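Below: one structure, written as structure tokens.
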Amino acid sequence: MKNNLIKLSNTINDWYTENKRQLPWRETTNPYIIWLSEIILQQTRVDQGISYFNKFRTKYPTIKRLAEATEDEVLKDWEGLGYYSRARNMLATAKFISSQLNGVFPDNYNDILKLKGVGSYTAAAISSFAFNEERAVVDGNVYRVLSRFFGLSTPIDSTEGKKEFQKLANNLIKFQEPSEHNQAMMEFGAIQCKPKNAECEICPLNHECFAFQKSLVGNLPIKEKKAKQTKRYFTFLICRDNENILIQKRPESGIWANMYEFPLLESKSSEEQHKIILEKEWLSSFTNTNTKVTHVSETQKHLLSHQQLFARFIELELGELQKIENNQLIIKQQELKNYALPKLLVNYISEREDLLYLLNDN
DNA sequence: AACGCGGGGCT
DNA sequence: AGCCCAGCGTT
């Protein structure tokens, strides 16, 4: 068993020195910059996160500068990346370190683990990359490499599986430099031992790999839970007068927490949603004056990891804009681009020629 | 232990 | 259409 561990460790380490990508966060040991990259990369592909990383590093070069930002501002910078609680936790942690820790990022695994938004993976990543602490990262890549190489069929999303794989990873890290080893394991999983179409024919471990020898590469790792999807039916009202537009802030829990949106009617079914369009009784809520419906959209399907959204947009022009509910804001149309909007809304605006000006500068 | 939380790429 | 991605927080 120990020989297998050494073989795996040495081979992947050698593979890494030959095949690693140049990634911007690998050029620093600044724990703040590494933390920034790791939060962005949680459940996010490198290719998707890299432009956000560059934007944040440039705009917020120090943790103090990040701590001075507002939540609205950080959410706007995070717009389009998803899992927005990451941005809110990140800002809260920056404020905490800036005010309570004298701006000094914690320098060890246990203290890093206490930070909001940082779990066992991220604490291991930061403490190994920035401080070369011997803490093994176990992310989706590591689960895949270990389960295939050793033929481990314990579900990786079970408590037992998490303990088993973490323990194995802890044993495996002892043979190399911690930072290099962690980087190598993840890079190997991302480039070579991929979820689909793993390149086993050219894999330096294919002789020792249990999954390859038993033709089980496509079956490992094993997950037991499947996220069930719920359907939701949204009707957004885009209300404008000559210069203003109506928006509202979303609740602090649920999807798109604390972001902004157009006034929203939610229906329990597709039929009920369709009635909104037909009956237009909601129009009476605008009471007086010249309210014109200028456009009613087709249904836009928007997929989240656990919800299917069926959204329609009704575009209205009013003589003078007024709030329908108290929590709403009347803002200048040219200010809309400063508010963090869900991608669903950005997508719709950008596809409608009549609305596109709302996203542009001036 | 189970669930909620985005958006995008790949098959 | 389904799976996965440099996971974490809440209940």
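Everything numeric here is computed off the predicted structure, so don't read it as measured data. Order of the sequence lines fixes the chain letters, A, B, ..., with proteins taken first and strands second; residue numbering starts at 1 for each chain.
- Residue contacts for S85(A): at a heavy-atom cut-off of 4.0 Å it reaches no nucleic acid atom on any strand shown.
- The stretch residues 247-260 of chain A comes close to DNA chain B through G254(A), I255(A), W256(A), each having a heavy atom under 4.0 Å from the strand.
- Distance Y84(A) OH to dG7(B) C1': 7 Å, rounded to the nearest Å.
- Between the side chain of T122(A) and the base of dG7(C), no donor-acceptor pair under 3.5 Å is found.
- Ring pair Y348(A)/F313(A) is parallel by interplanar angle, where below 30° counts as parallel and above 60° as perpendicular.
- Using a cut-off of 4.0 Å between Lys/Arg side-chain N and Asp/Glu carboxylate O, D354(A) and R352(A) are scored as salt-bridged.
- Proximity of a side-chain donor or acceptor of R148(A) to a complementary backbone N or O of V217(A) within less than 3.5 Å is detected.
- Base engagement by L81(A) is indicated by at least one non-hydrogen atom pair under 4.0 Å involving a base atom.
- Using modelled atom types, one side-chain atom of K323(A) and one backbone atom of Q328(A) make a donor-acceptor pair closer than 3.5 Å.
- Between dC5(B) and dC4(C), the distance separating the two C1' atoms is 15 Å to the nearest Å.
- Atoms OH (Y16(A)) and C1' (dA6(C)) sit 12 Å apart, rounded to a whole Å.
- Residue Q229(A) contributes atom CD, which lies 12 Å from atom P of dC5(B) at whole-angstrom precision.
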task = Mind running ring-ring contact (aromatic ring centres under 6.0 Å, His included) on F188(A) and W15(A) for me, showing each step along the way?
result = CA-CA 8 Å; F188(A) 187 80; W15(A) 177 94; 5.1 Å; yes
Identify all pairs in which a protein N or O lies below 3.5 Å from an N or O of nucleotides 9-11 of chain B, and state each distance.
residue: dT11(B); atom: OP1; partner: N197(A); partner atom: ND2; Å: 3.2

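- Residue contacts for S37(A): at a heavy-atom cut-off of 4.0 Å it reaches no nucleic acid atom on any strand shown.
- A cation-pi geometry, defined here as NZ or CZ lying under 6.0 Å from the six-membered ring centre and within 45° of its normal, does not hold between R65(A) and Y60(A).
- L23(A) comes within contact range of at least one nucleobase, with a heavy-atom separation under 4.0 Å.
- Near DNA chain B, meaning a heavy atom under 4.0 Å from it, residues 26-36 of chain A has no residue at all.
- Taking atom NZ on K223(A) and atom P on dC3(C), their separation rounds to 9 Å, with Å as the unit.
- At dA1(C), one or more side-chain N or O atoms of K301(A) fall inside 4.0 Å of OP1 or OP2 (strictly under the cut-off).
- Few gaps surround CD on E266(A); more than 12 heavy atoms of other groups in view lie less than 6.0 Å from it.
- For dC5(B), the OP1/OP2 oxygens have a side-chain nitrogen or oxygen of Q307(A) closer than 4.0 Å.
- The residue from K174(A), Q166(A), K167(A) that alone fulfils the side-chain hydrogen bond (donor to acceptor under 3.5 Å, both in side chains) condition with N170(A) is Q166(A).
- Side-chain atoms of T44(A) and base atoms of dG6(B) include a donor and an acceptor less than 3.5 Å apart.
- dC4(C) atom C1' lies 8 Å from atom CZ of R144(A), rounded to whole Å.
- Separating the P atom of dC8(C) from that of dG8(B) is a span of 22 Å, rounded to the nearest Å.
- In this structure, G80(A) reaches the sugar-phosphate backbone alone: every heavy-atom distance under 4.0 Å involves primed, P, OP1 or OP2 atoms, never a base.
- One interatomic measurement links the two molecules: NE2 of H306(A) to C1' of dG4(B), which rounds to 5 Å at whole-angstrom precision.
- Atom CD of Q43(A) is separated from atom C1' of dG4(B) by 12 Å (rounded to the nearest Å).
- The CG atom of N89(A) sits 8 Å away from the C1' atom of dG9(C) (whole-angstrom rounding).
- If E160(A) and L304(A) are placed on DNA chain B by their nearest nucleotide, the residue sitting closer to the 5' end is E160(A).
- In this structure, the ring of F165(A) has its center less than 6.0 angstrom from the ring center of Y143(A).
- At a threshold of 4.0 angstrom between heavy atoms, the contacts of V137(A) with the nucleic acid are absent.
- For W35(A) and F105(A), the gap between ring centers is short of 6.0 Å.
- Contacts of W25(A) with the nucleic acid, taken as non-hydrogen atoms under 4.0 Å apart, include base atoms.
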